[in-house]
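Worksheet: one structure, shown below.
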Amino acid sequence: MASHHANDTLQPKLSSPSTSSPPMSVVVTPCAACKILRRRCAETCVLAPHFPPDEPLKFIMAHRVFGSSNIIKFLQELPESQRGDAVSSMVYEANARIRDPVYGSAGAIFQLQNQVNELQAQLAKAQAEVFNIQCQYAALFCIETGQSPQSSSHQSFDGFVTGSDESFQSSNPSFYLDQDSLWDTIWA
């Protein structure tokens with residue numbers, strides 16, 4: 001008898017078609033920031049558009065470095081059109097600061113600049129090797145044709161220097177920038 005009573009309570013009661021059901025309310029999940037901060041996410045939450053509920057790590061990183069009150073204050077001071085870029089910058093800088101607490105993103109820039117310098121040195125070495133091969137070819141050509149090697153190699157040298165310098169400069173316009181002024185700008 002007790003089991004018969006329990007079955008009655010588990011079965012849903014069907015309502016008659018004449019009764020109206022209450023309107024369904026939409027449940028909005030709080031943004032990742034409000035979820036992590038354990039607070040109610042209001043419709044006017046400045047963090048909600050930039051920290052969706054499915055990306056909590058994005059807010060965790062920014063919160064760890066900048067703090068939630070600073071993030072909110074910073075976003076409120078910006079026009080809405082610039083907030084997305086600001087959040088991306090904060091998250092990038094926070095990730096860089098966590099990886100390298102001393103230099104942050106400036107350390108990454110420094111490493112990339114060193115890599116560019118190394119690659120430019122390798123390029124200069126490869127260009128010197130190409131020039132050396134061109135000189136050897138010119139000398140062989142002169143031996144076979146009976147011309148003097150001095151005039152031929154000088155012509156080859158002039159063509160290489162002007163041609164390679166122009167092609168290198170056009171493909172690498174930043175190579176001739178003053179490196180010291182670049183670092184003064186970064187650290188200022």
Kindly list each side-chain donor-acceptor pair under 3.5 angstrom involving residues 47-69, sequence neighbours excluded, with atom names and distances?
| from | atom 1 | to | atom 2 | distance (Å) |
| --- | --- | --- | --- | --- |
| K58 | NZ | H50 | O | 3.0 |
| H63 | ND1 | S68 | N | 3.2 |

- Item | Stepwise side chain to side chain contact (heavy atoms under 4.5 Å, CB included) check, V116 with L112 | CA-CA 6 Å; V116 166; L112 291 172; 5.6 Å; no
- Query: Is there a side-chain contact between V130 and Q134 (heavy atoms, below 4.5 Å)?
  - Reply: yes
- Query: Among pairs that include at least one residue of residues 88-102, which meet side chain to side chain donor-acceptor pair (under 3.5 Å), considering only residues two or more places apart or in two chains?
  - Reply: E93-R97, E93-S105
Identify each donor-acceptor pair in which a side-chain atom of residues 76-84 lies under 3.5 Å from a protein atom, sequence neighbours left out, and give them as a table.
| from | atom 1 | to | atom 2 | distance (Å) |
| --- | --- | --- | --- | --- |
| R83 | NE | L75 | O | 2.7 |
| R83 | NE | L78 | O | 3.2 |
| R83 | NH2 | L75 | O | 3.3 |
| R83 | NH2 | L78 | O | 3.3 |

- Message: side chain to side chain contact (heavy atoms under 4.5 Å, CB included), that's the test. Do Q136 and L140 meet it? Break it down for me.
- Response: CA-CA 6 Å; Q136 290 174 358; L140 285 174; 5.6 Å; no
- Message: Distance check, rounded to the nearest 0.5 Å: I109 atom CD1 versus N114 atom CG?
- Response: 12.5 Å
- Gap between atom NZ of K125 and atom CD of Q122 - 0.5 Å precision: 8.0 Å
- Message: Would a single hydrophobic cluster contain both F74 and L37, if residues Ile, Leu, Val, Met, Phe, Trp and Tyr are joined by side-chain heavy-atom contacts under 4.5 Å?
- Response: yes
